[in-house]
Amino acid sequence: MANINNNVKAGINGGTFEDVASANVETLLATKQITSAVSMGVAVGGADGTTDKAFTGAIVYNGLHNLADAAIYGGANVTAAQAVTVASHDTTSSSEEAKPFQDKLGDYSDHEQFAENAGIDTDGSSYYKDTDENGKGLDTAGQAVDLENKGSLSVGAAVVVAVSDDAAGAAVNVADRDIDFSARIDNATIKAAAIATTAEADSLGVDVSAGVAAGTQDFGGVGSVNWQTQANDVLAQVSDATLITDKLAIKADSNAKEVNVAGSVAYGGTAGVGESLAYNKLSNQIHAYLAGGSLQSLTAARGVDLDVTAANGGALYAIGATVGASQKVALSGTIAVNHGGSDTEAVIGEAEDAAGNIVTKDKTTLTNVADTNVLATGSDTRVAAIGDFGFGGSVAVGGAVASNDVGGAGTGETGQKTRAAIVNTDLTTTDAGKVAVHAGDTSKLTTFSFGIGGSGNVAVQGSAATALVNKDITAEAKKSVIKAAAGGTTKDVAVTADSKSTVTTKSVVGALSISGAGGAGVSVARINQDTTASVTDSEITDTNTLVQATGNSDITTVGIGAAIAGNVAVSGNVAVNIIGNNVDASVARSTLTSTGNIGVLANGRE
């Protein structure tokens, strides 16, 4: 059992700092957490006429709760000739960035080397990496998993082996990860050539549960359970600040990866039973905010380059594999589930308050801005993949279920959001200034279930793959004024949203028997997705205005069932797509004054 809690803060609270070259406030996490439990039970050589029995189990709990906060706040006043940066992020424990801090710990490297020399796996790689030369991939249930590590690392492994006449084992691995990064400028006055707040998450979590049970005479049964929860918050914001600069960049970025693998192999002379469960629950927030206060250029002739960006490029894998085998009866079952969602927002006019609530400011004033980009993107990857195999001399029964539930589509919860917006804002551009507000989704969702059963008499196998998606992709300008300063003209204002996600759902099942075989494959994709671009209660004066929403997702659903038997064979497959997508581009209660073109376009091409 391991439960780590870190609270790392760096900040400038109040005070006046003048004539400095540059200022940097930074928090850095380089956490490495390796927790494992290995159990083996072997019982042989009992008295004649008795049955030897072996029972064993392994339980692992990995708790990781980190908070990294970097801030300039409390009325601080900073004047710098170059840049003022606020950053909160993580890195690998072996990186050059982390080394100066580790050196301050004195004998850190000596302790690590001592453990390695004693044969202890200090990076957890032996539990999840391939044995191939590149060591970068794990291929399970036909899926290649990206295990490249650029940030903090948390590995949990539970492994059991039981061998006897009767053998039973259970491996349980539970991980609870809550890693928050925040980079903030709140209630401060800053004058500098460039200002940036950056919050980034690059952590890798890997959890493995594996069980092997061999009951050479009668019963062999094993179960493996992996249960992961992840609730990460990545926040970059500037709130109620007075800024004078030529470049302001606010960036929240999450590339966190969670890998969950559960596997079981069971053999019994009379009965072999194997079960595996891999479950992930996700609830992440990636937010970039600029709200309240004012922004103006340091160099009037140049104007301000303004970027407010939030990006979700994380990956979530739930993978299960089970083998049940017996000379008589084999039972096998495998389940892999991904549940929950991540909200990604880049907004001018909203911010997070001290209580963690998102509030809309009465007014945000931006002056002499040359290039404004408000960008929210989702390019995350989710995979739920399983393989289930049952082989019995007389009877084999197996079932495989893989499920992806994105945004609570299966529970009626609020959907996963990707949102870019300008709200309650007066934005004055330079002559020929540009404004772009864009929300985009290019995520990939793969759900794959494979089951096969073989028996001398009866084989029954089922396989199901379900993808439930509930998403909102929104770009909007609301209650805002966008125009150039007197004597100039804003060139382009674009408010665009597009969905180009890929959803692939496949279920494959096969049953083979001398007497009777039955196989059923079910593959279902239910997609509820709203893609919206809107201008509401706003005033825009420019050359060209574009409000465009595009739905162009690729959805593939396949169900395959096969049965082969000497006497009776029954097979079936069902593939269903249920699509409820809405694509909407609108202008409401607004005034658009354009000397060139105005386009309000909606395009759906799923």
Flag the pair [X] / [Y] as yes when at least one side-chain heavy-atom distance between them is below 4.5 Å, and no otherwise.
X	Y	answer
D176	Y61	yes
T31	D90	no
V401	D388	no
L601	N603	no

Side chain [X], main chain [Y], donor-acceptor under 3.5 Å:
X	Y	result
S590	S538	yes
N173	V208	yes
T92	G151	no
Q461	G561	no
T466	S403	no
N312	G314	yes
T27	V8	no
S507	S463	yes
S203	A256	no
D343	K417	yes

_From CA spacing to verdict: side chain to side chain donor-acceptor pair (under 3.5 Å), N66, N6_ = CA-CA 5 Å; N66 287 341; N6 291 315; 3.0 Å; yes
*asked:* Set out, in order, the CA-CA distance, both residues' side-chain angles and the distance that settles side-chain contact (heavy atoms from CB on, under 4.5 Å) for L366 and L290, then state yes or no.
replied: CA-CA 10 Å; L366 312 177; L290 168 62; 4.0 Å; yes
*What class does the angle between the rings of F450 and F389 fall in, given that below 30° is parallel, 30 to 60° is tilted and above 60° is perpendicular?*
tilted
*Go through K471 and S443 one step at a time and tell me if the side chain to side chain donor-acceptor pair (under 3.5 Å) criterion holds.*
CA-CA 11 Å; K471 287 184 179 180; S443 60; 2.5 Å; yes
Out of [options], which residue meets the side chain to side chain contact (heavy atoms under 4.5 Å, CB included) rule with [X]?
X	options	result
Y289	V308, I250, T197, L235	L235
L427	L306, V493, L295, T372	T372
N373	V437, V435, D307	D307
L316	N280, N284, V406	N280

Within the 3.5 Å criterion, strictly below it, is a donor on [X] or [Y] matched to an acceptor on the partner's side chain?
X	Y	answer
H65	D178	no
N187	D240	no
S501	S553	yes
D472	T474	no

*asked:* Assess whether a salt bridge exists between R589 and D537, defined as any Lys/Arg side-chain N lying under 4.0 Å from an Asp/Glu carboxylate O.
replied: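 Yes.
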Would you say that more than 12 heavy atoms from the other residues, nucleotides or ligands in this model lie under 6.0 Å from the [atom1] of [X], or not?
X	atom1	value
K506	NZ	no
K9	NZ	no
D353	CG	yes

*For R184 and D69, what are the C-alpha separation, side-chain angles and deciding distance, and is it a salt bridge (Lys or Arg N to Asp or Glu O under 4.0 Å)?*
CA-CA 8 Å; R184 302 176 293 111; D69 177 64; 2.9 Å; yes
_Residue pair A384 / A336: nearest heavy atoms and the distance that separates them_ = CB-O, 4.1 Å
*Under the salt bridge (charged side-chain N to carboxylate O under 4.0 Å, His left out) rule, collect the residues that match up with R177, sequence neighbours excluded.*
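R177 satisfies salt bridge (charged side-chain N to carboxylate O under 4.0 Å, His left out) with D207, E258 once adjacent residues are dropped.
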_Separation between CZ of R526 and CD1 of I579, rounded to the nearest 0.5 Å_ =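 Rounded to the nearest 0.5 Å, the CZ-CD1 separation comes out at 13.0 Å.
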*Please step through side chain to side chain donor-acceptor pair (under 3.5 Å) for the pair T322 and S276, ending with a clear verdict.*
CA-CA 6 Å; T322 302; S276 299; 2.8 Å; yes
*Go through E350 and R419 one step at a time and tell me if the salt bridge (Lys or Arg N to Asp or Glu O under 4.0 Å) criterion holds.*
CA-CA 12 Å; E350 296 176 358; R419 176 174 174 252; 3.0 Å; yes
*For the pair N577 and T557, evaluate side chain to side chain donor-acceptor pair (under 3.5 Å) and give the outcome as yes or no after the intermediate values.*
CA-CA 7 Å; N577 275 338; T557 304; 2.4 Å; yes
